[in-house]
There are 2 protein chains.
Amino acid sequence: MSLIFSRQCEYALQAVLYLALKPLDDMTSIKELTKRLDIPYHFLAKILQDLTRKGLLSSLKGPTGGFGLGMPAKDITLFHIVEAIDGVEFMHNCVMGFPECSGKNPCAVHEKWANLRDGVYTMLVSKNIAEMAKNMRKPEYQSV
Amino acid sequence: MSLIFSRQCEYALQAVLYLALKPLDDMTSIKELTKRLDIPYHFLAKILQDLTRKGLLSSLKGPTGGFGLGMPAKDITLFHIVEAIDGVEFMHNCVMGFPECSGKNPCAVHEKWANLRDGVYTMLVSKNIAEMAKNMRKPEYQSV
DNA sequence: CTATATTAAGACTAAAATATCTGAATATTA
DNA sequence: TAATATTCAGATATTTTAGTCTTAATATAG
């Protein structure tokens, strides 16, 4: 199986994007997220805790508690989330895994991959999640 | 960690590309491959057996035995190898993992990812491994 | 025919990723 | 203050991927 981001990272992207649809102040419980996004409860909990530790989210315990964005949505890009969960190694690594591949010693697809990878980067940074949330035809969240 | 192809698949790409540098008839031992490519012996062995079963490689036992391409290099693309090892799901799946993401119900980066993914596809099919081997500045194989 | 160098196959182990469980801490509300 | 709903933290379990080991089969060369 090939996939560009880990499952954890996919879940993180989905969850943060969902939170971006909400007003900053009100907190969303794991329960709601897990229901709407169809992500295993405890697994999501750990991911959200991780994002909270890293400042992307904020959390509050108790009834009316939950998770919300840790900073204004206009300051968060998808790249921030990928960076926090998966790291940015994919920006440097050879797509065929050649350890010595580099500009000076390129593999057969070095240049092409470099372009594509830059395209991925652009995709991740060119819009903040506020813009995304605004004109997003909701990606089929599960009904409540 | 994010990486587009599995490690197994990376190894497969490296190995087949290495074999494409050789004349069709002569067989290359796992020992040579493992040394030049710095891939664990037994792990590589299994990958090569897999590729052989799928017809991309041929094999011969005994002294002077080893592995070689199973068809002319001009008929093999990187895509064939990826297809054989990792499969092609990455061509269809949403980059953020939204199960319901589609053209009609696109996620925030659906179109952009579709373009990039097509670029990856093009990268994998636009050249056969004979062409690649021909004008390849060898990607730093380990010395013998 | 025998010794040897190879691949084939399958069982096994190790590590990483994914997922679950449990109990504690904490905030809210009645 | 008591009951409740939540996150927090860490242990555990499961699954997948990566890697290893061992024995058998087979081809070659002497």
Side-chain angles (χ1 to χ4, degrees), chain A residues 1-15 19 25-35 37-70 82 84-87 89-90 97 99, chain B residues 1-15 19 25-35 37-70 82 84-87 89-90 97 99:
Chain A
M1 237 267 283
S2 35
L3 82 175
I4 183 145
F5 302 125
S6 69
R7 212 184 270 273
Q8 247 195 295
C9 190
E10 288 181 355
Y11 290 163
L13 291 166
Q14 292 176 27
L19 294 176
D25 48 333
D26 77 3
M27 293 306 212
T28 306
S29 68
I30 301 175
K31 194 152 64 169
E32 175 178 340
L33 285 161
T34 218
K35 209 174 200 173
L37 296 170
D38 200 25
I39 298 174
Y41 186 97
H42 296 279
F43 195 34
L44 180 56
K46 295 193 71 167
I47 297 167
L48 296 178
Q49 281 156 27
D50 203 11
L51 290 170
T52 302
R53 257 181 260 113
K54 286 171 177 159
L56 284 171
L57 299 183
S58 69
S59 69
L60 189 65
K61 291 179 183 177
T64 79
F67 293 87
L69 297 182
V82 171
I85 302 292
D86 274 351
E89 293 156 54
F90 82 97
Chain B
M1 237 265 283
S2 34
L3 82 175
I4 183 145
F5 303 126
S6 69
R7 230 209 211 36
Q8 246 195 295
C9 190
E10 289 181 354
Y11 290 163
L13 291 166
Q14 293 175 26
L19 294 176
D25 49 333
D26 78 3
M27 293 306 212
T28 306
S29 68
I30 301 175
K31 194 152 64 169
E32 175 177 339
L33 285 160
T34 217
K35 211 175 200 172
L37 296 170
D38 200 27
I39 299 174
Y41 185 98
H42 293 95
F43 194 34
L44 180 57
K46 294 192 69 167
I47 296 167
L48 297 179
Q49 282 157 28
D50 204 11
L51 291 171
T52 302
R53 257 181 259 114
K54 285 170 179 159
L56 285 172
L57 299 183
S58 67
S59 68
L60 189 65
K61 291 178 181 176
T64 78
F67 294 87
L69 297 182
V82 171
I85 303 292
D86 274 353
E89 292 157 53
F90 81 98

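Below, read A as the first sequence line, B as the second, and so on, with proteins coming before strands; counting in each chain starts at 1.
In this structure, Lys61(B) places its NZ atom 5 Å from C1' of dT26(D), rounding to the nearest Å. Look at NZ on Lys31(B): it is 7 Å from P on dA5(C), rounded to the nearest Å. To the nearest angstrom, P of dT7(C) lies 11 Å from CG of Leu19(B). Across the protein-nucleic acid pair, Glu10(B) atom CD and dG19(D) atom P stand 10 Å apart, rounded to whole Å. What separates NZ of Lys35(A) from P of dA5(D) is a distance of 14 Å, to the nearest Å. Atom CE in Met27(A) sits roughly 16 Å away from atom P in dT26(C) (whole-Å rounding). Distance CG (Leu57(A)) to C1' (dC8(D)): 14 Å, rounded to an integer number of Å. The interatomic distance linking Ile30(B) (CD1) with dA9(C) (P) rounds to 12 Å, in whole Å.
Across every non-hydrogen atom of Ile85(B) and Ser6(B), the tightest pair is CG2-OG, 4.4 Å. The two atoms that bring Leu57(B) and Phe67(B) nearest to each other are CD1-CD2, 4.4 Å, heavy atoms only.
Side-chain atoms of Thr52(B) do not come within 3.5 Å of backbone N or O of Ser59(B) as any donor-acceptor pair. Under the 3.5 Å distance criterion, the side-chain polar atoms of Gln8(A) are left unmatched by any main-chain donor or acceptor of Ile47(A).
Here the CG-CG distance, from Asp50(B) to Leu56(B), works out to 9.5 Å after rounding to the nearest 0.5 Å.
Annotation: side-chain contact (heavy atoms from CB on, under 4.5 Å) contacts of Asp26(B) (sequence neighbours excluded): Lys22(B), Pro23(B).
Of all nucleotides listed (dT7(C), dA27(C), dC8(D)), dT7(C) comes nearest to the side chain of Ser59(B). Listed candidates were dC8(D), dT18(C), dT7(C). Nearest to the side chain of Arg7(A) is dT18(C).
Under 4.0 angstrom from either OP1 or OP2 of dT18(C) there lies no side-chain N or O belonging to Tyr11(A). Here Arg53(B) reaches the OP1 or OP2 of dA9(C): one of its side-chain N or O atoms lies under 4.0 Å away.
Taking the nucleotide of DNA chain D with the nearest heavy atom to each of Leu60(B) and Leu60(A), the more 5' of the two is matched to Leu60(A).
Using a 4.0 Å cutoff on non-hydrogen atoms, the parts of residues 38-50 of chain A near DNA chain D are Tyr41(A), Lys46(A), Gln49(A), ordered by number.
Other residues, nucleotides and ligands contribute more than 12 heavy atoms inside 6.0 Å of the NZ atom of Lys54(B).
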